[in-house]
Asker: 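The structure that follows is given in the form of C-alpha cells.
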Amino acid sequence: MKIGIISGSVREGNNAAAVSQWVNDFAVKRNDEGIEYEVVLLSDYALPLLGAAVPAEYQETAQAAVKAWSEKMASFDGYIFVTPEYNHSVGGALKNAMDYLKPEVANKAAALVGYGSLGGARAHENMRSILGELSVASVHTTVNFSLMSDFENMSVFKPNAYNEVNANGMLDDLLLWSKAFQTIR
C-alpha cells in the first residue's frame, strides 16, 4: 500500500517540506509491513489557477503539470496532507490543487498534519470540508505543530517529542482506513 505525504505549500522558504520529511521519517521508522511512503512537494507542480485563461505558449506545460499531478495522486491508496494555516485556512495553492481532483482520490482515506499559530487546526477544518466533497474520508487524529513551540524563530522545525503520540494514532487510523477502503475501489 502506498501513502502519499503531500507537502501543501508552494511559498518560498516554507516549513512544509521540513514537516513533511519529519512525517515521512517517523512513518518509515514504524516499519509497518507492506506500507510505502512518498513525500510529494506541491511546489514541484506548476498548476495553473483552475479556470483561468492560460496563454497559448504555456498551455502544453500547464496541461502536462495537471496530468502529472493527477497521475501522482491517483497512484496512492491514502494521503497525509501537511498544510500550513494561512489566514485561518489552507493555502490557496493547495485548495487549487485539490480542485483538479475527484476520481483520483475518491474512496480513499486521508490524515492531516498542520502547523501554524494554532497548529493548523483551522486549516484542518477547511481540509475536512474539501476532502468530504472529494469523497475522501479524513481520520480523526491529527498532528498539530505550533510555530511557537515546535519551531525555533518560527522557521527552524524542532518538534517536541509529545507530537509522536498523535502521529502514531493518526498513522494507525490512516492505515486501517486505507486498507478498508481498498476493498471498495
Side-chain angles (χ1 to χ4, degrees), residues 3-24 27 37-54 58 61-62 64-74 76 78-102 104-106 108-139 141-159 163 166-167 170 174:
I3 304 295
I5 301 168
I6 314 306
S7 185
S9 179
V10 298
R11 181 181 279 181
E12 282 189 42
N14 71 68
N15 293 316
V19 174
S20 298
Q21 192 58 54
W22 181 91
V23 170
N24 181 72
Y37 296 94
E38 180 181 344
V39 174
V40 177
L41 302 175
L42 183 57
S43 57
D44 287 346
Y45 298 84
L47 297 171
L49 186 59
L50 184 67
V54 176
Y58 298 113
T61 302
V66 171
K67 183 176 189 283
W69 171 248
S70 174
E71 289 174 352
K72 178 55 71 179
M73 293 300 283
F76 297 115
Y79 308 95
I80 300 169
F81 288 97
V82 175
T83 178
E85 184 174 308
Y86 298 141
N87 299 317
H88 293 214
S89 186
V90 298
L94 180 57
K95 172 63 168 94
N96 183 63
M98 298 304 290
D99 286 343
Y100 278 103
L101 306 171
K102 175 68 177 198
E104 300 88 345
V105 297
K108 296 181 184 179
L112 302 171
V113 174
Y115 62 91
S117 59
L118 294 176
R122 294 170 293 206
H124 290 171
E125 291 172 4
N126 295 141
M127 277 301 292
R128 288 187 195 285
S129 294
I130 294 164
L131 293 169
E133 282 300 310
L134 297 174
S135 299
V136 177
S138 60
V139 301
T141 304
T142 62
V143 180
N144 303 73
F145 295 108
S146 168
L147 285 175
M148 302 345 153
S149 60
D150 292 306
F151 292 83
E152 182 179 287
N153 297 321
M154 292 194 277
S155 60
V156 178
F157 187 50
K158 293 189 175 184
N163 291 297
N166 277 3
M170 176 194 74
L174 177 63

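Note: hydrogens, waters and symmetry copies are ignored here, and every other heavy atom, side chains too, is used. All values reported here derive from a predicted model rather than from experimental measurement.
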Asker: What's the shortest heavy-atom distance between V19 and V82, and which atoms?
Answerer: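 Smallest heavy-atom distance, with atoms named: CG1-CG1, 3.6 Å.
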Asker: D99 and L50: which non-hydrogen atoms are nearest, and at how many Å?
Answerer: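 For D99 versus L50, the nearest heavy atoms are CB-CD2, 3.5 Å.
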Asker: For a 4.5 angstrom cut-off between non-hydrogen side-chain atoms, does S20 reach F81?
Answerer: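 No. Closest side-chain heavy atoms not under 4.5 Å.
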Asker: Which heavy atom of S9 sits nearest a heavy atom of P84, and at what distance?
Answerer: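 Between these two residues, the closest heavy atoms are CB-CG, 3.9 Å.
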Asker: What's the separation between atom OG1 in T83 and atom CD1 in I130, rounded to the nearest 0.5 Å?
Answerer: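 The distance works out to 8.5 Å.
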Asker: Which atoms form the tightest heavy-atom contact between V139 and R128, and what is the distance?
Answerer: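 So the minimum-distance heavy-atom pair works out to O-NH1, 2.9 Å.
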Asker: If you take all heavy atoms of V136 and A109, which pair is closest and at what distance?
Answerer: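 Minimum heavy-atom contact is CG1-C, 4.1 Å.
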Asker: Are Y45 and K72 side-chain neighbours, meaning at least one heavy-atom pair lies under 4.5 Å?
Answerer: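 Sidechains of K72 and Y45: in contact.
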Asker: Measuring only between side-chain heavy atoms, which start at C-beta, is I5 closer than 4.5 Å to Q21?
Answerer: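 Counting from C-beta outward, I5 and Q21 never come under 4.5 Å.
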Asker: For E38, does the CD atom have more than 12 heavy-atom neighbours from other residues, nucleotides or ligands under 6.0 Å away?
Answerer: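 Result for CD/E38: enclosed.
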Asker: Would the distance check show the side chain of N153 and the main-chain N or O of S155 forming a donor-acceptor pair, the cut-off being under 3.5 Å?
Answerer: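 A pair under 3.5 Å: no.
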Asker: Ignoring hydrogens and angles, tell me if any N or O in the side chain of N15 forms a donor-acceptor pair with the backbone of F157 under 3.5 Å.
Answerer: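 Checking the backbone N and O of F157 against the side chain of N15, no donor-acceptor pair under 3.5 Å is found.
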Asker: With ring pair (Phe, Tyr, Trp, His ring centres under 6.0 Å) as the rule and sequence neighbours excluded, what pairs involving residues 111-134 come up?
Answerer: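 Found Y115-F151.
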Asker: If you draw the axis of the six-membered ring of Y86, does the NZ or CZ of R11 fall within 45° of it and under 6.0 Å from the ring centre?
Answerer: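 Yes, R11 and Y86 form such a contact.
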Asker: Looking at side-chain heavy atoms only, is the closest gap between K158 and D150 below 4.5 Å?
Answerer: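 No, every pair of side-chain atoms sits at 4.5 Å or beyond.
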Asker: Above 12 or not: heavy atoms from other molecules or residues under 6.0 Å from CE of M148?
Answerer: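 Yes, because the 6.0 Å sphere around CE of M148 holds more than 12 heavy atoms from other groups.
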Asker: Within a strict 4.5 Å, meaning less than it, do heavy atoms of the Y100 and S70 side chains meet?
Answerer: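 Y100 does not reach S70 side chain to side chain.
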Asker: May I ask you to test the L112-T141 pair for a side-chain heavy-atom distance under 4.5 Å?
Answerer: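 No, every pair of side-chain atoms sits at 4.5 Å or beyond.
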Asker: Kindly compute the distance separating CG (L134) from CE (M73), expressed to the nearest 0.5 Å.
Answerer: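 Answer for the CG-CE pair, L134 versus M73, is 9.0 Å.
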Asker: For N166 and V143, indicate whether the former's side chain and the latter's backbone hold a donor-acceptor pair under 3.5 Å.
Answerer: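 Between the backbone of V143 and the side chain of N166 there is no qualifying donor-acceptor contact (under 3.5 Å).
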Asker: Quick one: pull up CG in L147 and CD in E85 and give me the separation to the nearest 0.5 Å.
Answerer: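 It is 9.5 Å, given to the nearest 0.5 Å.
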Asker: Indicate whether the side chain of S89 and that of N126 have a donor and an acceptor atom separated by less than 3.5 Å.
Answerer: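 Yes.
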Asker: Starting at OG of S117, measure out to NE2 of H88 and round the result to the nearest 0.5 Å.
Answerer: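 The OG atom of S117 sits 6.5 Å away from the NE2 atom of H88.
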Asker: Which of these passes side-chain contact (heavy atoms from CB on, under 4.5 Å) with Y79: V40, V105, I3?
Answerer: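 One option only clears the test, and that one is V105.
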Asker: Considering all heavy atoms of both residues, which atom of A97 and which atom of L42 are nearest to each other, and what is their separation?
Answerer: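 Distance-wise, the nearest heavy atoms are CB-CD1, 3.6 Å.
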Asker: Heavy-atom count around K102 NZ within 6.0 Å, excluding the residue itself: above 12?
Answerer: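 For K102, atom NZ is crowded (more than 12 foreign heavy atoms under 6.0 Å).
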